Protein chains: 2
Amino acid sequence: MAARKTIERQTGVALWRQIADRVRLAISNGDYDATGMVPPETALAREFGVNRHTVRSALAALAEEGLVRAVQGRGTLIERKDRVTYPISRRTRFSAGLGRQVKEIGSQLLAHREVQASGEVAAALALPPGAAVVELQSVSSGDGRPLSATIAYFPAGRFPEMAQLYARLGSITKAFAAQGLDDYVRVSTEIVARHADAEELKLLKLSAGAIVIEALSVNADVEGRPVEYSRTRFAADRMKFRIET
Amino acid sequence: MAARKTIERQTGVALWRQIADRVRLAISNGDYDATGMVPPETALAREFGVNRHTVRSALAALAEEGLVRAVQGRGTLIERKDRVTYPISRRTRFSAGLGRQVKEIGSQLLAHREVQASGEVAAALALPPGAAVVELQSVSSGDGRPLSATIAYFPAGRFPEMAQLYARLGSITKAFAAQGLDDYVRVSTEIVARHADAEELKLLKLSAGAIVIEALSVNADVEGRPVEYSRTRFAADRMKFRIET
DNA sequence: CCTAAATGTCTATTGATCTAGACAAGTATA
DNA sequence: TATACTTGTCTAGATCAATAGACATTTAGG
């Protein structure tokens, strides 16, 4: 551990935040599994070449996230170290994919309305521009931690009861089934990584400077007709993605 | 644009950096395509609720990246607005996928050596632990901009000349072909997004606080025998990914 | 019980970040 | 050419981030 880990100064990102990110990654990589604790503050300070107070700020941020817990006299204990793996395949389903990894999956419908499809939405759903679509905003969480925030669009003509059914059943797959669609497949997924904006920080309960992965995806029925277009923002530091081709 | 875009204060990420990130995203989304210019500094300052000097710091950072160019009296011109789309499918090939999007693809071999496979590498390549593997470190760029930094592992027994061939041919696919492997497919890809560390900032010529997408992937021949395990770090704000399932 | 090691708290100082205002200088257009 | 609009530059002050050092408090172990 004598090797001094490099961090960058004067770049608009505070040192304590850079250190927090590095320690979070080390935790999820299992680097501290031997002890179940983060190295002592003085050791981290030496390692990163900063003052101990700066390390303390970083650890305070991680404690705020519930990732670690400092105990005076003992050290800083790791409370949680998991990244949830999210599989992406032709049969991508949110709940099924997360199934065994989290004990309890929560889905909260934040808002729903019927709107005219924008050009982007209409193109993705293969509808004429301005066609009626159901818009659904929701947040999903695993074991109480928000994992993703989604805005999804469905053709209103075909799935008029989408919002009510999703609110009641808590699952898109079940809501589709209740409307006569038994099977659907993922047609395309586009992924971008970027910093979270203020709304996403709030929805996903992230500490600022956090990263979100934004996925634009289209699902279609077995005949290839699009049934859903969605924009999902994942809390990047709580997830990894496995792409099965 | 009267709507005030929310940014977060006191979070370890300087306001100018948050604004730079938002403007970069807006540019790549084509939000300013009508004029080919970023809105005036005073307008951005109003929009984000900050002082004009803070906006100037953000634009200076984007100018440093070569993304915009300020012209006194006129405004701030957009120099480049592209995100390269990187397709991920069973037939993912770096060069072929980028083909039409960039004029010139560069591949630079940074280092190569023969090492004993670590547990992780051996498992991915289905080799006994400690088996000899060829390790290749390279950086790829499109039109002069670094796009990805890769560490790749190949079974040394089967592909002893990998490093030399890649150095000469500039392509993994061609190096495989020269060693008698005509076809291979992507078996799995795992993706994580995180902040870049100092080495990645340097290799990919990123400004600090930048995001990298790390992809762990395995390629196999048509019989399903793994031929390559690689860890590629992409410059996230220069790329988007399309997953074809 | 003592000591070493760890986190907790406090004060003081320096440099970076952000705000505020004023004015200069270049560009486009009527 | 006059004017409005834009970027460029300067000064000054307030707040945040980071360093430095000292000492208190808690825990674990010999």
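Since we're looking at a predicted model, the values are computed, not measured. Naming convention: chains lettered A, B, ... in sequence-line order (proteins, then strands); numbering from 1 in each chain.
Counting distance only, with no hydrogens placed and no angle test, the side-chain atoms of A:Gln72 and the base atoms of C:dA6 include no donor-acceptor pair under 3.5 Å. No hydrogens or angles were tested; on distance alone, a donor-acceptor pair under 3.5 Å links the side chain of A:His53 to the base of D:dA20.
Straight-line distance from the CD atom of B:Glu41 to the P atom of D:dA4: 20 Å, rounded to whole Å. As rounded to whole Å, 17 Å separates atom P of D:dC5 from atom CG of B:Leu44. In this structure, CG of A:Leu77 is placed 10 Å from P of D:dA28, rounded to the nearest angstrom. As rounded to whole Å, 12 Å separates atom C1' of D:dA17 from atom CD of A:Gln18. Between A:Leu59 atom CG and C:dT9 atom P there is a gap of 14 Å when expressed in whole angstrom units. If you measure from atom CZ of B:Arg46 to atom C1' of D:dC5, you get 13 Å, rounded to the nearest angstrom. Nucleotide D:dA17 holds its C1' atom 11 Å from the CG atom of A:Asn51, rounded to whole Å. The distance between atom CZ of B:Arg17 and atom P of C:dC18, rounded to the nearest whole Å, is 11 Å.
If you take CD1 on A:Ile27 and CZ on A:Arg22, they are separated by 13.5 Å, rounding to the nearest 0.5 Å.
Distances from the side chain of A:Pro40 to the nucleotides C:dC18, D:dT7, C:dA6 place C:dA6 closest. For A:Arg52, taking side-chain heavy atoms from C-beta onward, the closest of the listed nucleotides C:dA6, D:dA22, D:dT19 is D:dA22. Considering only the side chain of B:Val50, C:dT19 comes nearest among D:dG8, C:dT19, D:dT19. Among the nucleotides D:dG8, C:dT7, C:dT17, the one closest to any side-chain atom of A:Ala70 is C:dT7. Of the candidates D:dA18, C:dG8, D:dG8, the closest approach to any side-chain atom of A:Leu15 belongs to D:dA18.
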Inset, instruction - List the steps, then state whether salt bridge (charged side-chain N to carboxylate O under 4.0 Å, His left out) holds for A:Glu65 with A:Arg24. - result: CA-CA 10 Å; A:Glu65 293 177 30; A:Arg24 192 196 293 106; 2.7 Å; yes
Test salt bridge (charged side-chain N to carboxylate O under 4.0 Å, His left out) on A:Glu190 and B:Arg242 and set out the steps.
CA-CA 4 Å; A:Glu190 245 183 44; B:Arg242 180 178 302 121; 3.3 Å; yes
Query raised in the report: Checking salt bridge (charged side-chain N to carboxylate O under 4.0 Å, His left out) for the pair A:Lys81/A:Asp33: CA distance, chi angles, key distance, verdict?
Result: CA-CA 9 Å; A:Lys81 51 153 292 188; A:Asp33 282 6; 3.0 Å; yes
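Between B:Arg56 and D:dT7, a side-chain N or O to OP1/OP2 separation shorter than 4.0 Å is absent. At C:dC18, none of the side-chain N or O atoms of B:Ser57 fall inside 4.0 Å of OP1 or OP2 (strictly under the cut-off). Distances shorter than 4.0 Å separate none of the side-chain N or O atoms of A:Arg74 from OP1 or OP2 on D:dT26.
Put simply, the side chain of A:Glu214 never gets that close to the backbone of A:Ile191: no donor and acceptor are under 3.5 Å apart.
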